[in-house]
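What follows is a single structure, written as structure tokens, with notes after it.
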Number of protein chains: 2
Amino acid sequence: MAVIKYSRQREAIKEYLSQTKEHPTADTIYMNIRESYPNISLGTVYRNLNLLVEMGEVLRINGMDGSDRYDGHTQQHYHFLCNKCHKILDLEMESIDHINDTANKDFPGKVEGHVTYFYGKCNECK
Amino acid sequence: MAVIKYSRQREAIKEYLSQTKEHPTADTIYMNIRESYPNISLGTVYRNLNLLVEMGEVLRINGMDGSDRYDGHTQQHYHFLCNKCHKILDLEMESIDHINDTANKDFPGKVEGHVTYFYGKCNECK
DNA sequence: ACTGTATATAATAATAACTACTATTATTTT
DNA sequence: AAAATAATAGTAGTTATTATTATATACAGT
């Protein structure tokens, strides 16, 4: 699998993810793509999501309910999880990448990055 | 299940987690407890881990390889996940709680806390 | 200590999320 | 257009975790 060939299924997944502001699971994506490609396979969705994540065109967020979620907006941003309604929202805030340096200070290995999400109450729930 | 009754299996799990500095999976815990309780059931391990997490006596860390890991040391500290060997290590570093304020700045809801882990290569893998 | 009742257990079956396999189809190369 | 190669649909298999159930254990009331 050296050369990556075009596929309309993959294009549809990319398109769907770039249009939604939700952070859907693989299964939700599958259900949605099925409306335009009724016999797309769930395996195809997973394989392409992995490809897209690897190519850096999609972000994988591992939700705390066991299933991964995907985000087509790849500019650096942070997520907020509402403790009450369990919604995932985007946070607009300045970068906190300096915490990598803080972590690296006395660590024998090499810290390359971090994953952070914030939690609390969203506007409607507070 | 209103009243929680004593069980030596749960005590053994708690004991094991407070003694190890690893961040074992449920299966690793199962294997270890089996040495003293040869016919403990994996289901018992899972049920008690969930109980202990709920009671706040154990932390659950969701590792990036699909399986959750557990930590018997509940004081605040940060974790490092090795991208290569998938080990989870403790990081000794100064607090980064100020990032909550950064996140709160332009957010209409209320940020109450954050979850952060760092990743990269550990000392042996780098 | 004895009994009754509720909780915990071991063993096993079931589920959920994801990955692997294979024959066929679509895309790209020549 | 034919050959080469990668992607797909459909299905089977894995892995981590949860549910079920009959039996065992803990503990409160006597």
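All values reported here derive from a predicted model rather than from experimental measurement. Computed from heavy atoms alone, side chains included, the values below leave out hydrogens, waters and symmetry copies. Each chain gets a letter, A, B and so on, in the order its sequence line appears, and its residues count up from 1.
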Does A:Asn50 put a side-chain nitrogen or oxygen below 4.0 Å from OP1 or OP2 of C:dT19? yes
Do B:Ile99 and B:Phe118 share a hydrophobic cluster, counting only Ile, Leu, Val, Met, Phe, Trp and Tyr and linking them when any side-chain heavy atoms are less than 4.5 Å apart? yes
Would you mind classifying the nucleic acid contact of B:Leu42 as base, sugar-phosphate or nothing, using non-hydrogen atoms under 4.0 angstrom? base
Can you tell me if the side-chain N/O atoms of B:Asn48 get under 4.0 Å from OP1 or OP2 in C:dT9? yes
Which of parallel (below 30°), tilted (30 to 60°) and perpendicular (above 60°) describes B:Phe107 and A:Phe80? tilted
Which pairs pass salt bridge (charged side-chain N to carboxylate O under 4.0 Å, His left out) with one or both residues in residues 22-37 of chain A, sequence neighbours excluded? none
Whole-Å distance between C:dA8 C1' and B:Lys14 NZ? 16 Å
The answer to which of A:Arg10 and B:Ala26 contacts DNA chain D further toward the 5' end, by nearest nucleotide, is A:Arg10
Can you check the B:Ile13 CD1 to C:dA10 C1' distance for me, whole Å? 13 Å
Side-chain atoms of A:Gln9 come closest, of C:dA11, D:dT8, D:dT17, to D:dT8
So, is B:Tyr46 close to the D:dT17 phosphate, meaning a side-chain N or O under 4.0 Å from OP1 or OP2? yes
Please report the distance, rounded to the nearest Å, between CD1 in A:Ile33 and P in D:dT8. 12 Å
Summarise how protein sits on nucleotides 21-30 of chain D as a single string, 5' to 3': B when a protein heavy atom is under 4.0 Å from the base, S for sugar-phosphate-only contact, - for no contact. ----SBS---
Contacts of A:Pro38 and B:Tyr70 projected onto DNA chain D by closest heavy atom; the upstream (5') one is A:Pro38
With respect to the phosphate group of C:dA8, does any side-chain polar atom (N or O) of B:Thr44 fall under 4.0 Å of OP1 or OP2? no
Between atom CZ in B:Arg34 and atom C1' in C:dT9, what is the gap in whole Å? 15 Å
Can you tell me the distance, in whole Å, between the CG atom of A:Leu52 and the P atom of D:dA7? 12 Å
Using whole Å, what does the distance between atom C1' of nucleotide D:dT17 and atom CD1 of B:Ile29 come to? 13 Å
Are A:Tyr6 and A:Ile13 co-members of a hydrophobic cluster defined by side-chain heavy atoms under 4.5 Å apart? no
Figure out the CG/C1' separation between A:Asp68 and D:dT15, and round it to whole Å. 14 Å
Can you check whether A:Tyr16 reaches A:Thr28 side chain to side chain, under 4.5 Å on heavy atoms? yes
Between A:Ile29, A:Asp71, A:Leu59, which is the residue that forms a side chain to side chain contact (heavy atoms under 4.5 Å, CB included) with A:Leu17? A:Ile29
What integer distance in Å separates A:Tyr37:OH from C:dT25:P? 18 Å
Whether A:Arg47 contacts D:dA7 is assessed here as follows: a side-chain N or O lying under 4.0 Å from the phosphate OP1 or OP2. Is that the case? no
Among side-chain atoms of B:His73 and B:Asp90, is any donor-acceptor pair under 3.5 angstrom? no
